[in-house]
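Side-chain atoms are counted along with the backbone in the values below, which use heavy atoms only and exclude waters and symmetry mates.
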Amino acid sequence: MIGVGKAKQYSNVLDKPLSKGKQEVSLSAFSFLFSELVQYNQTQVDNIAELERRLEDAGYSVGARVLELLCHREKGNRRETRLLGILSFVHSTVWKVLFGKVADSLEKGTEHEDEYMISEKELLVNRFISIPKDMGTFNCGAFVAGIVRGVLDGAGFPAVVTAHFVPVEGQQRPRTTILIKFAEEVLRREARLG
């Protein structure tokens with residue numbers, strides 16, 4: 001008989017293990033949903049800065065949830081306590097889960113001690129976006145900046161996170177840089193931990 005076997009019985013739904021499930025989402029489905037998110041928010045605002053802020057806020061809630069999920073699955077409910085550890089976690093683990101690969105680069109700012117940059121040649125949220133002339137410097141990377149801010153805040157590393165286009169010589173499209181500027185308290189804590 002098909003289906004006859006010993007299935008493990010759980011007395012409570014909370015006792016059931018979390019399945020990893022299918023970890024990929026169709027690129028066309030994501031593109032459509034993200035496009036709808038951008039279009040909806042575009043009708044609710046008057047300027048580009050407000051649109052980017054709304055996208056960042058949407059990304060923030062995603063980032064908070066991603067942190068919880070990954071800390072449970074990958075780290076046995078442990079979180080990073082060091083600055084370089086959390087940056088490496090975002091650059092590699094979070095990026096790989098969200099975009100299927102590690103980010104192109106993670107760099108420390110040369111001008112300021114509290115700045116770090118994650119750069120991506122072709123960020124997924126900007127890949128299929130064409131920006132009208134009247135929207136100038138609009139960057140959908142604000143959504144990803146919100147995700148990064150959500151992960152960092154949830155892990156206890158408050159920061160201001162913004163997305164910027166950086167022109168690359170010899171390429172038509174600029175790369176996207178996620179600029180992370182940590183709060184002073186994070187740097188003090190890191191210095192104390194030595």
Worksheet item: For the side chain of Ser88 and the backbone of Gly85, is there at least one donor-acceptor N/O pair under 3.5 Å apart?
Response: no
Discussion item. With a sphere of 6.0 Å drawn around CG of Asn47, does it hold more than 12 non-hydrogen atoms of other residues, nucleotides or ligands?
Written reply: yes
Worksheet item: Would you call Phe157 and Leu87 a side-chain contact if the rule is heavy atoms closer than 4.5 Å?
Response: no
Fill in: Over 12 foreign heavy atoms within 6.0 Å of CD, Gln39
yes
Discussion item. Please give me the minimum heavy-atom distance between Ala145 and Val161, naming the atom from each residue.
Written reply: O-CG1, 3.4 Å
Worksheet item: NZ/Lys108 to CE/Met117 distance, rounded to the nearest 0.5 angstrom?
Response: 10.5 Å
Worksheet item: Just how far is it from atom CZ of Arg175 to atom CG of Leu123, taken to the nearest 0.5 Å?
Response: 12.5 Å
Discussion item. Within the 4.5 Å heavy-atom criterion, are Pro174 and Val166 side-chain neighbours or not?
Written reply: no
Practice prompt. Write down the atom of Ser105, the atom of Glu107, and the distance for their closest heavy-atom approach.
Written response: OG-OE2, 3.2 Å
Practice prompt. Measure the spacing between CG of Leu124 and CZ of Arg127 and express it to the nearest 0.5 Å.
Written response: 5.0 Å
Response to the item:
What one should report as the nearest heavy-atom pair of Ala142 and Ala163 is N-CB, 3.7 Å
Worksheet item: Given side chains that start at C-beta, do those of Val38 and Phe138 come closer than 4.5 Å, heavy atoms only?
Response: yes
Worksheet item: Okay, side chain of His164, backbone of Thr177: is any donor-acceptor separation there less than 3.5 Å?
Response: no
Discussion item. How long is the straight-line distance from NE2 of His91 back to CD1 of Ile178, given to the nearest 0.5 Å?
Written reply: 12.5 Å
Worksheet item: Mind checking whether Phe143 and Asn41 have side chains closer than 4.5 Å, heavy atoms only?
Response: no
Worksheet entry | Single-linkage hydrophobic cluster Leu84~Val90, side-chain heavy atoms < 4.5 angstrom | yes
Practice prompt. Kindly work out whether a path of hydrophobic side-chain contacts (I/L/V/M/F/W/Y, heavy atoms less than 4.5 Å apart) joins Leu27 to Val144.
Written response: yes
Worksheet item: Nearest heavy-atom pair of Val151 and Leu67: which atoms, and what distance?
Response: O-CD2, 3.5 Å
Discussion item. I'd like to know if Ile118 and Val97 are part of one continuous hydrophobic network [Ile/Leu/Val/Met/Phe/Trp/Tyr, side-chain heavy atoms within less than 4.5 Å].
Written reply: yes
Worksheet item: Going by the side-chain hydrogen bond (donor to acceptor under 3.5 Å, both in side chains) test, which pairs reach into residues 137-156, not counting sequence neighbours?
Response: Glu56-Arg149, Tyr60-Asp153, Asn126-Asn139
Worksheet item: Taking the side chain as C-beta and beyond, is there a heavy-atom pair between Pro167 and Phe165 under 4.5 Å?
Response: no
Worksheet entry | OG on Ser26 to CZ on Phe32, rounded to 0.5 Å | 11.5 Å
Worksheet item: Any side-chain heavy atom of Leu33 sitting closer than 4.5 Å to one from Phe30?
Response: no
Worksheet item: Can Glu120 and Lys101 be counted as an ion pair, charged N to O under 4.0 angstrom?
Response: yes
Practice prompt. Under the side chain to side chain contact (heavy atoms under 4.5 Å, CB included) rule, what do Asp104 and Trp95 come out as? Steps first, then yes or no, please.
Written response: CA-CA 10 Å; Asp104 290 340; Trp95 223 263; over 6 Å; no
Discussion item. Would you compute the distance between atom CD1 of Ile86 and atom OG1 of Thr93 and round it to the nearest 0.5 angstrom?
Written reply: 9.5 Å
Worksheet item: Do Tyr116 and Val102 share a hydrophobic cluster (ILVMFWY, side-chain heavy atoms under 4.5 Å, transitive)?
Response: no
Worksheet item: Which atoms form the tightest heavy-atom contact between Val125 and Cys140, and what is the distance?
Response: CG2-O, 3.5 Å
Donor-acceptor pairs are to be reported for all side-chain atoms of residues 179-194 against protein atoms at under 3.5 Å, with residues two or more places apart or in another chain.
{"residue": "Lys181", "atom": "NZ", "partner": "Asp114", "partner atom": "OD1", "Å": "3.2"}
{"residue": "Lys181", "atom": "NZ", "partner": "Asp114", "partner atom": "OD2", "Å": "3.0"}
{"residue": "Arg189", "atom": "NH1", "partner": "Gly156", "partner atom": "O", "Å": "3.0"}
{"residue": "Arg189", "atom": "NH2", "partner": "Gly156", "partner atom": "O", "Å": "2.9"}
{"residue": "Glu190", "atom": "OE1", "partner": "Leu83", "partner atom": "N", "Å": "3.0"}
{"residue": "Glu190", "atom": "OE2", "partner": "Arg82", "partner atom": "NE", "Å": "3.1"}
{"residue": "Glu190", "atom": "OE2", "partner": "Arg82", "partner atom": "NH2", "Å": "3.0"}

